[in-house]
Peer 1: 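Before I ask anything, let me first share the structure, which is written out below as structure tokens.
Ligands are counted one by one from 1 in listed order, and the atoms in each one are counted from 1 as well. The figures here come from the full heavy-atom set of this structure, side chains too, leaving out hydrogens, waters and symmetry mates.
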Amino acid sequence: MSNYHIKHLEEYWQVYRKSVRNPENFWEEIAEEHFLWRKKWDNVLSWDFTKPEVKWFEGATLNITENCLDRHLATRANKTAILFEPNDPKENAQHITYKELHQRVATMANVLREQGATKGDRVCIYLPMIPELAIAVLACARIGAVHSVVFAGFSATALATRINDCDCKIVICSDGSFRGSKTINLKEIVDEALESCPGVKTNLVVKRTGGEVTMKEGRDTWLQPLLDNADTICKATIMDAEDPLFILYTSGSTGKPKGMVHTTGGYMVYTAYSFKNVFQYREDDVYWCTADIGWITGHSYIVYGPLCNGATTVMFEGVPSYPDFSRFWQIVEKHKVTQFYTAPTAIRALAKENLDFVEKHDLSSIKVLGTVGEPINEEAWHWYNDHVGKKNSPIVDTWWQTETGGIMISPIPYSTPTIPTFATLPLPGIQPALMDENGEEMKGNQVEGRLCIKFPWPSIARTIYGNHDRYRDTYFSAFKNMYFTGDGARRDAVGYYRITGRVDDVIIVSGHNLGTAPIEDAINEHPAVAESAIVGFPHDIKGNALYGYITLKETGEDRNQDNLRKEINQLITDRIGPIAKLDKIQFTEGLPKTRSGKIMRRILRKIASKDTGNLGDTSTLLNPEVVQNILDNALG
Ligand code: 6R9
């Protein structure tokens, strides 16, 4: 069908206009022709952004793994589904065919069933980037259990919070993980987390590193012996289109992480459709997304989107710098990767290294390059375009969010002209709006405002687990009848979108969303700390890094500031993870506050960014004198 695979700009516009004129018809046609449903829907869409409530394909039943696996068996049984590239280049890559993947998923699903998991139960997955991670995700989906994958770089405290928030009874983890030259004892982190998770009855452990672990009697079980004894056929549990498929946590600007809930039917249709179009995926391609499955990018564009299309999807366990900075390019050459999807922070890190690392590899297989996670700066864009794409492969700058489930604004390669730093045009079915400060939509071009979406799309998250009020307050209350993204954007003279960055207290560091509040909470736990405020400042590689302004309690005792800095960063590492560590810590006499007691982050942001020419009016502050003191002692 023509509107599944867009081939030129004219066609894009035709499809786009159709998708906006009649969204229900548009998505119904796609859902009908390209997926396997056990039963078709009674109603394509019902929605109300004030409640908010969105339902796609109501009444339909399906199992997403039948779409990712079973239906490919007739034509693609021996095609590689997952191409696993280990951390150590000396270890062999694994080509897992659709037939084998189908079997391994079924086997793991049977183990989960034996352990008592049933439809609707939450299962926490804390695994490195090894095949078992994708298999565990799909095994949950097979039996209708809701997976909650927690990125295996999160600390024990962060893991425990996520396990408890959605009340997981089963955890799947590994003994350890390999990352570059390091071996990390993940099991130890899980043990610590589970001390504060009384609800967890079963912890299934995958053996990866062979490192020493302690197994807690009655709770911890090695997975492999269970797999060896399980049946390799597993009947899929039939799910309603609106049954939850997974929960994935994302940072908010305040409070605890938000467990975004995605449902089955709409998520499947949208991720498969967007995957095929944004990457112009063709049958013999080898597609590689370097994200971790612990993030939404990995869920949608390593696992579900590619597998729904019968694609070969690469899973890489390691890091771009090991054994040296040519690792990515060596893998591209080795497996003849055709689509390569990564984050600006990785591009910037690689661009800093000797060009030789890129140039010594044959990258001619590449047809499409992608970026995601944060705004890409012009320099990084050009480096990617010149040295990886050889000016010959379009770059898709894909803007989207954990909450949106799939890519929202992106060029269609070989159709949409690309412009550095522009995500360009909305995908079919996506209706963006830019809002001004008075809550009015800004029509026409050459405008800049807050980015909202005014009509539901199939993969929008349906709620925050256990807190629908927070879902409404966060996304649907800033602007009437709109989904508010938290980002700012500009629409240029021809209608292309450029994302300008977050307009709330979320800071994106190396592509990871970090809320300021949880980091400040961690810092404030330190007995010497009175108060703290975190802001982002531009960083060559990470995009943003964190700058902390910290006031200490007046105890009369003189603490060594370097030791304090170390202790504070250790606290952050323990509570959240090393990704949230502060690059700079300035001890201050006070924090600038408004008369209502709110910290004026705007001023702190400017000082951290060395943009001190115009701090704006500080005279209305409660304590204007602290500003000069902070300026005098600002860190270079
Ligand atoms: C997919 C993902 C979402 C936030 C989002 C925005 C930023 C993502 C971007 C981008 C500019 C892009 N973001 N892609 N900003 N250009 N191409 O990253 O999800 O981790 O939830 O982050 O990331 O600020 O609001 P998530």
Side-chain angles (χ1 to χ4, degrees), residues 149-151 153-154 246-253 257-262 267 270-271 274-275 278 289-305 341-348 369-378 380-381 384 395-411 416 418-427 430 432 448 450-453 459-461 464 474-475 478 483-490 496-516 536 542-544 579-580:
V149 181
V150 176
F151 171 59
F154 274 118
F246 66 86
I247 298 168
L248 186 61
Y249 287 86
T250 187
S251 315
S253 41
K258 300 172 286 191
M260 304 313 306
V261 177
H262 282 282
Y267 176 82
Y270 194 80
T271 52
S274 52
F275 171 76
V278 170
C289 165
T290 70
D292 192 290
I293 293 175
W295 310 115
I296 191 68
T297 305
H299 280 61
S300 301
Y301 300 111
I302 295 178
V303 182
Y304 288 113
Y341 190 27
T342 195
T345 183
I347 298 169
R348 287 189 297 262
L369 294 173
T371 93
V372 60
E374 59 184 311
I376 181 164
N377 50 308
E378 202 145 344
W381 193 96
Y384 201 29
I395 296 177
V396 291
D397 179 353
T398 64
W399 173 82
W400 59 295
Q401 310 178 293
T402 304
E403 296 85 338
T404 68
I407 297 168
M408 303 289 279
I409 304 182
S410 164
T416 321
T418 59
I419 312 173
T421 76
F422 277 76
T424 72
L425 296 169
L427 292 195
I430 306 306
E448 182 167 338
R450 310 208 149 194
L451 178 60
C452 290
I453 313 289
S459 62
I460 182 177
I464 292 174
T474 311
Y475 304 107
Y483 165 80
F484 173 46
T485 64
D487 283 312
R490 178 155 73 80
Y496 284 17
Y497 289 85
R498 177 176 203 256
I499 310 301
T500 52
R502 301 291 308 188
V503 295
D504 55 11
D505 286 333
V506 172
I507 305 171
I508 304 196
V509 178
S510 299
H512 303 313
N513 291 10
L514 298 171
T516 51
K542 301 181 193 177
N544 295 297
I579 48 178

Peer 1: Is the shortest N/O to N/O distance between Gln401 and ligand 1 below 3.5 Å?
Peer 2: yes
Peer 1: If you count the atoms of ligand 1 from 1 in the order shown, which ones are under 4.0 Å from a heavy atom of Ile296?
Peer 2: 1 (C), 19 (O)
Peer 1: For ligand 1, which atoms have a heavy atom of Asp397 less than 4.0 angstrom away?
Peer 2: 12 (C), 16 (N), 17 (N)
Peer 1: Identify the protein heavy atom lying closest to atom 5 (C) of ligand 1, giving its residue, its atom name and the separation to 0.1 Å.
Peer 2: Asp487 OD2, 3.1 Å
Peer 1: With side-chain hydrogen bond (donor to acceptor under 3.5 Å, both in side chains) as the test, would you mind laying out the steps for Thr402 and Tyr249 before giving the verdict?
Peer 2: CA-CA 8 Å; Thr402 304; Tyr249 287 86; over 6 Å; no
Peer 1: Would a distance-only check, ignoring hydrogens and angles, find a side-chain to backbone donor-acceptor pair under 3.5 Å from Tyr267 to Ala461?
Peer 2: no
Peer 1: Please say whether Arg502 places an N or O atom under 3.5 Å from an N or O atom belonging to ligand 1.
Peer 2: yes
Peer 1: Please confirm whether the backbone N or O of Asn513 pairs with a side-chain atom of Ser251, one donor and one acceptor, at under 3.5 Å?
Peer 2: yes
Peer 1: Out of all atoms in ligand 1, which are within 4.0 Å of some heavy atom of Thr402? Include the element for each.
Peer 2: 19 (O), 20 (O), 21 (O), 26 (P)
Peer 1: Against heavy atoms of Val372, which atoms of ligand 1 measure under 4.0 Å?
Peer 2: 1 (C)
Peer 1: Under a 4.0 Å heavy-atom limit, does Asn513 contact ligand 1 with its side chain, its backbone, both, or neither?
Peer 2: side chain
Peer 1: Which ligand 1 atoms are under 4.0 Å away from a heavy-atom of Thr398?
Peer 2: 9 (C), 12 (C), 14 (N), 17 (N)
Peer 1: Quick one: does any side-chain atom of Thr398 pair with a main-chain N or O of Thr371 as donor and acceptor, under 3.5 Å?
Peer 2: yes
Peer 1: Can Asp487 and Trp399 be counted as having a side-chain donor-acceptor contact under 3.5 angstrom?
Peer 2: yes
Peer 1: Establish, from distance only, whether the side-chain atoms of Asn377 and Arg348 form a donor-acceptor pair under 3.5 Å.
Peer 2: yes
Peer 1: For the CD atom of Glu374 and the CD1 atom of Ile499, what is their distance to the nearest 0.5 Å?
Peer 2: 13.0 Å
Peer 1: Relative to the heavy atoms of Thr297, which atoms of ligand 1 are at a distance of less than 4.0 Å?
Peer 2: 1 (C)
Peer 1: How far is atom 3 (C) of ligand 1 from its nearest protein heavy atom, and which residue and atom name does that atom have?
Peer 2: Trp400 O, 3.5 Å
Peer 1: For Tyr384 and Thr342, run side-chain hydrogen bond (donor to acceptor under 3.5 Å, both in side chains): C-alpha distance rounded to whole Å, both residues' side-chain angles, the deciding distance at 0.1 Å, then the answer.
Peer 2: CA-CA 10 Å; Tyr384 201 29; Thr342 195; 5.8 Å; no
Peer 1: Does only the side chain of Ile376 get under 4.0 Å from ligand 1, or the backbone, or both, or neither? Count heavy atoms.
Peer 2: neither
Peer 1: Verify the distance criterion only: is there a donor paired with an acceptor across the side chains of Tyr341 and Thr297 at less than 3.5 Å?
Peer 2: no
Peer 1: Looking only at distances, please establish whether an N/O atom of ligand 1 is found under 3.5 Å from an N/O atom of Thr371.
Peer 2: no
Peer 1: Please state whether the rings of Phe246 and His299 are parallel, tilted or perpendicular, taking 30° and 60° as the class boundaries.
Peer 2: tilted
Peer 1: Return the orientation label for the Tyr301 and Trp400 ring planes: parallel under 30°, perpendicular over 60°, tilted otherwise.
Peer 2: perpendicular
Peer 1: Which protein non-hydrogen atom lies closest to atom 16 (N) of ligand 1, naming both residue and atom, and how far is it?
Peer 2: Glu374 O, 3.4 Å
Peer 1: Just distances here: any N/O of Ile508 and N/O of ligand 1 closer than 3.5 Å?
Peer 2: no
Peer 1: What atoms in ligand 1 come closer than 4.0 Å to a heavy atom of Ile499?
Peer 2: 11 (C), 15 (N)
Peer 1: Which residue and atom name correspond to the protein heavy atom nearest atom 11 (C) of ligand 1, and how close is it?
Peer 2: Pro375 N, 3.1 Å
Peer 1: Answer with yes or no whether Gly373 contacts ligand 1, where contact means a heavy atom under 4.0 Å from a ligand atom.
Peer 2: yes
